[in-house]
Amino acid sequence: MGEAPALCVEDLKERFSNGFGLRSKGFETSTDLGDKTFVIGCNNNDSTSSLEVHIYDKSRGKWVIPTVLGIKPKPYEGHSAVLLNEDRIMIIIRGSTPDDCIWFLEVDTEYVKQQKKASDAEVVAWSKGVRGDAEKPVVISGPSGVGKGTLINMLMKEFPSMFGFSVSHTTRAPRGTEKNGVHYHFTERSIMEKDIKDGKFLEFASVHGNLYGTSIEAVEAVADSGKRCILDIDVQGAKSVRACSLDAVFVFISPPSMSELEERLRLRGTETEEQIQKRLRNAKAEIEQGKSSGIFDHILCNDNLEKCYENLKKLLGLDGSVPVNPKPSPNGIDLPWNHSVSKIDNKIVIKPETPESGNASKNLMVLDVSLLKGGAPSRTRGLNVYTIDSISDCLNGIHKPS
Ligand SMILES: Nc1ncnc2c1ncn2[C@@H]1O[C@H](COP(=O)(O)OP(=O)(O)OP(=O)(O)O)[C@@H](O)[C@H]1O
Ligand SMILES: Nc1nc2c(ncn2[C@@H]2O[C@H](COP(=O)(O)O)[C@@H](O)[C@H]2O)c(=O)[nH]1
């Protein structure tokens with residue numbers, strides 16, 4: 001292979017079994033896919049380092065250091081690597097916390113292919129594995145002053161444990177009562193531009209002369225809390241979200257007329273005359289796009305506020321008499337410290353190697369990866385975790401409730 005750049009660890013310990021015939025050396029794994037070998041390890045063994053990726057291109061006989069997107073996992077005490085679906089590598093990290101032990105390195109998924117095409121470079125992307133599924137986020141869009149914020153506030157007030165607001169970043173100045181971190185993350189353009197470049201945003205747009213954007217973390221934080229995420233974004237932002245991997249419900253709120261929209265903006269009294277004129281000019285194009293572009297699943301006219309709110313609840317399935325209980329967010333994954341890993345179809349079986357130690361379970365743990373959703377550069381959801389008594393249970397589809 002030639003010499004791998006800087007990555008290889010000095011203190012390699014033959015103590016971690018990955019069960020795939022991979023050359024696992026405790027802090028390093030290598031996974032073959034086509035004519036590439038993905039070597040995953042850490043530069044240092046200290047707690048501040050993160051897992052690095054180097055690629056050995058067998059056809060060219062060369063090492064490549066890829067562009068790495070997404071937040072990188074910490075290495076902890078070693079890891080196993082399992083190739084899934086010929087497009088991503090599942091990383092099972094030993095010694096980490098229950099909510100931080102499963103990661104995915106996407107090496108040839110649609111998202112990664114797009115990024116490779118856009119940058120004309122080798123790209124890989126990390127995402128964190130999460131148990132269970134999140135409810136589809138709700139994207140609410142429409143011209144400034146139409147009543148999006150008002151409708152969202154009503155929803156959050158009536159269903160506080162069910163919905164969470166995605167707090168956007170913006171370069172505009174705060175209005176009177178707006179609080180940083182609650183209504184927006186108010187930031188500077190240079191900082192926001194750098195974060196956009198670093199891939200921290202799901203979408204961003206220049207709106208009425210200021211930069212606005214939804215960070216990946218803003219959406220994932222709501223989903224992690226077990227709530228359904230609501231995004232209040234402009235039409236350009238909605239278009240970008242439509243084009244990305246986030247599966248959402250898209251709602252466009254339209255005004256009954258331009259004169260009514262103007263009156264609402266004036267009555268709100270938060271913008272200068274010049275800003276109102278700018279917002280009204282932009283509203284025309286937004287309404288046209290909103291109604292005709294095919295971005296939106298639903299279009300609601302906010303003529304009468306109460307009626308519009310009832311319609312919004314109806315399309316979100318909240319109009320029935322059945323009480324709505326929020327889904328509890330699933331727990332993390334309590335991996336036994338010493339374990340081996342094997343793969344049976346779409347099931348990754350974790351076998352404790354020293355059942356008498358600590359809190360290690362005597363059961364085999366199964367991570368079912370058949371229904372994964374989402375992905376890089378944020379979270380891969382849909383991991384189903386349960387326990388079995390023996391490998392034959394896995395083959396026969398038997399499992400205990402976890
Ligand atoms: N159906 C309605 N009839 C009359 N006034 C309304 C109606 N809906 C909302 N409003 C009022 O219109 C004003 C603008 O509403 P809101 O701030 O919710 O708009 P918005 O779409 O969130 O605007 P922006 O995009 O600029 O944040 C507010 O003063 C609100 O009270
Ligand atoms: N594309 C995005 N648009 C956003 C985001 N957050 C808010 N917005 C939209 O900006 C305008 C103006 O908002 P205002 O608070 O200054 O009145 C409005 O249409 C919002 O929907 C975002 O993260 N991305």
Side-chain angles (χ1 to χ4, degrees), residues 137-157 165-187 192 195-196 200-219 222 229-244 246 248 250-272 274-287 289-290 295-296 300-312:
V138 184
V139 173
I140 299 203
S141 205
S144 176
V146 74
K148 303 179 297 292
T150 308
L151 289 161
I152 292 169
N153 286 341
M154 289 164 85
L155 209 52
M156 305 265 296
K157 201 170 166 200
F165 186 61
S166 156
V167 181
S168 294
H169 283 64
T170 184
T171 59
R172 86 147 161 76
R175 291 179 190 139
T177 56
E178 284 180 337
K179 282 200 188 112
N180 190 27
V182 177
H183 299 93
Y184 280 105
H185 296 290
F186 295 101
T187 183
M192 192 162 162
D195 286 347
I196 290 169
K200 293 186 183 167
F201 280 81
L202 186 67
E203 64 77 32
F204 61 92
S206 176
V207 190
H208 318 311
N210 285 299
L211 204 52
Y212 293 76
T214 309
S215 71
I216 291 165
E217 208 42 52
V219 174
V222 175
C229 184
I230 306 185
L231 290 82
D232 173 348
I233 59 177
D234 86 319
V235 175
Q236 307 167 73
K239 199 171 171 185
S240 306
V241 176
R242 226 340 158 203
C244 80
L246 189 79
F250 292 78
V251 185
F252 185 78
I253 312 290
S254 75
S257 66
M258 285 304 289
S259 55
E260 173 68 25
L261 187 68
E262 183 166 354
E263 196 177 325
R264 285 184 197 172
L265 273 176
R266 284 192 197 291
L267 285 176
R268 188 170 73 180
T270 48
E271 269 74 30
T272 62
E274 195 188 338
Q275 284 163 345
I276 290 175
Q277 290 307 329
K278 193 182 246 180
R279 284 175 184 237
L280 287 172
R281 275 196 304 277
N282 294 338
K284 287 199 179 123
E286 286 197 90
I287 295 166
Q289 265 211 305
I295 300 169
F296 295 94
L300 297 180
C301 177
N302 183 15
D303 188 351
N304 175 296
L305 184 60
E306 288 309 321
K307 227 166 85 188
C308 185
Y309 180 58
E310 286 309 311
N311 287 334
L312 178 62

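Quick caveat, the model's predicted, so the values are computed rather than measured. Just so you know, ligand 1 is whichever comes first in the structure, and atom 1 is the first atom listed for that ligand.
- Ranking the protein heavy atoms by distance from atom 1 (N) of ligand 2 puts D234 OD1, 2.7 Å first.
- Among the atoms of T214, some N or O lies under 3.5 angstrom from an N or O of ligand 2.
- Nearest protein neighbour of atom 25 (O) of ligand 1, counting heavy atoms only, is K148 NZ, 2.6 Å.
- Among protein heavy atoms, atom 23 (O) of ligand 2 sits closest to S168 OG, 2.6 Å.
- Contacts between R279 and ligand 2 below 4.0 angstrom, taking non-hydrogen atoms only, involve the side chain exclusively.
- Proximity of H183 to ligand 2, defined as any heavy-atom pair under 4.0 Å, is not found for any part of the residue.
- Here the shortest heavy-atom distance to atom 8 (N) of ligand 2, taken over V241, V167, V207, D232, belongs to D232.
- Proximity of V139 to I295: side-chain heavy atoms (C-beta onward) are nowhere separated by under 4.5 Å.
- Remark: ligand 2 and E271 share no N or O pair separated by less than 3.5 Å (distance only, no angle test).
- Checking only distances, D232 never comes within under 3.5 Å of ligand 1, N or O to N or O.
- For ligand 2, the atoms closer than 4.0 angstrom to any heavy atom of G237 are 1 (N).
- Of the N or O atoms in Y184, one or more lie within a sub-3.5 Å distance of an N or O in ligand 2.
- What sits closest to atom 19 (O) of ligand 1 on the protein, heavy atoms only, is G147 N, 3.1 Å.
- The closest protein non-hydrogen atom to atom 5 (N) of ligand 1 is R264 NE, 3.6 Å.
- Less than 4.0 angstrom separates some heavy atom of R172 from each of these atoms of ligand 2: 14 (P), 15 (O), 16 (O).
- Shortest contact from atom 19 (O) of ligand 2 to any protein heavy atom: K148 NZ, 3.5 Å.
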Output, in order, the C-alpha distance, side-chain angles, deciding distance and verdict of side-chain contact (heavy atoms from CB on, under 4.5 Å) for R264 and R268. CA-CA 6 Å; R264 285 184 197 172; R268 188 170 73 180; over 6 Å; no

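- The protein atom (non-hydrogen) at minimum distance from atom 1 (N) of ligand 1 is N302 OD1, 2.9 Å.
- Nearest non-hydrogen protein atom to atom 24 (N) of ligand 2 is E203 OE2, 2.7 Å.
- At the shortest separation from atom 14 (C) of ligand 1 among protein heavy atoms lies G145 O, 3.5 Å.
- Between E274 and K278, no side-chain nitrogen of the basic residue sits less than 4.0 Å from a carboxylate oxygen of the acidic one, so the salt-bridge criterion is not met.
- Residues I287 and M258 have side chains in contact (heavy-atom distance under 4.5 Å, counting atoms from C-beta outward).
- Among all protein heavy atoms, the one lying closest to atom 17 (O) of ligand 2 is R175 NH2, 2.6 Å.
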May I have the step-by-step check of side-chain contact (heavy atoms from CB on, under 4.5 Å) for I140 and L312, ending in yes or no? CA-CA 10 Å; I140 299 203; L312 178 62; 4.2 Å; yes

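- Heavy-atom proximity to R279, at under 4.0 Å, picks out these atoms of ligand 1: 26 (O).
- Looking at Y212, F204, F201 and measuring to atom 16 (O) of ligand 2, the nearest heavy atom belongs to Y212.
- The aromatic rings of F296 and F252 sit tilted, their planes meeting at an angle between 30° and 60°.
- Of the protein's non-hydrogen atoms, the one nearest atom 18 (O) of ligand 1 is T150 OG1, 2.5 Å.
- Between L211 and I196, some side-chain heavy-atom pair lies under the 4.5 Å cut-off.
- Of the protein's non-hydrogen atoms, the one nearest atom 24 (P) of ligand 1 is R268 NH1, 3.5 Å.
- Using a 4.5 Å heavy-atom threshold, the side chains of S215 and D195 count as separate.
- Side chain of S141 to backbone of I253: no donor-acceptor contact under 3.5 angstrom is found.
- Among protein heavy atoms, the minimum distance from atom 22 (O) of ligand 1 is reached at G149 N, 2.8 Å.
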Full working for side-chain contact (heavy atoms from CB on, under 4.5 Å) between L202 and C244: CA-CA 8 Å; L202 186 67; C244 80; 3.8 Å; yes

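- Neither the backbone nor the side chain of H169 comes within 4.0 Å of ligand 2, counting heavy atoms alone.
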Could you go step by step and tell me if V167 and V182 meet the side-chain contact (heavy atoms from CB on, under 4.5 Å) rule? CA-CA 7 Å; V167 181; V182 177; over 6 Å; no

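- If you look at D303 next to ligand 1, the close heavy atoms, those under 4.0 Å, all belong to the backbone.
- Ion pair E271/R175 flagged as a salt bridge, since at least one NZ, NE, NH1 or NH2 atom sits closer than 4.0 Å to an Asp/Glu carboxylate oxygen.
- Between S259 and S257, the side chains place a donor N or O and an acceptor N or O closer than 3.5 Å (distance only, hydrogens not considered).
- When each of F186, F204, Y212, F201 is tested with H169 by the rule side chain to side chain contact (heavy atoms under 4.5 Å, CB included), just one qualifies, namely F201.
- Neither the backbone nor the side chain of Q236 has a heavy atom within less than 4.0 Å of ligand 2.
- For ligand 2, the atoms lying closer than 4.0 Å to a non-hydrogen atom of A205 are 1 (N).
- Using a 4.5 Å heavy-atom cutoff, the side chains of K239 and Q289 are in contact.
- Here C308 has no heavy atoms under 4.0 Å from ligand 1, in either its backbone or its side chain.
- Ligand 2 has no nitrogen or oxygen under 3.5 angstrom from a nitrogen or oxygen of S144.
- Listed by number with element, the atoms of ligand 1 under 4.0 Å from a non-hydrogen atom of P143 are 21 (O).
- A heavy-atom distance below 4.5 Å is found between the side chains of L265 and S144.
- Residues H185 and E217 form no side-chain contact, since every pair of their non-hydrogen atoms from C-beta on lies 4.5 Å or further apart.
- Distance CE/M154 to CD1/I152: 12.0 Å, rounded to 0.5 Å.
- Every heavy atom of L267 sits 4.0 Å or more from the atoms of ligand 1.
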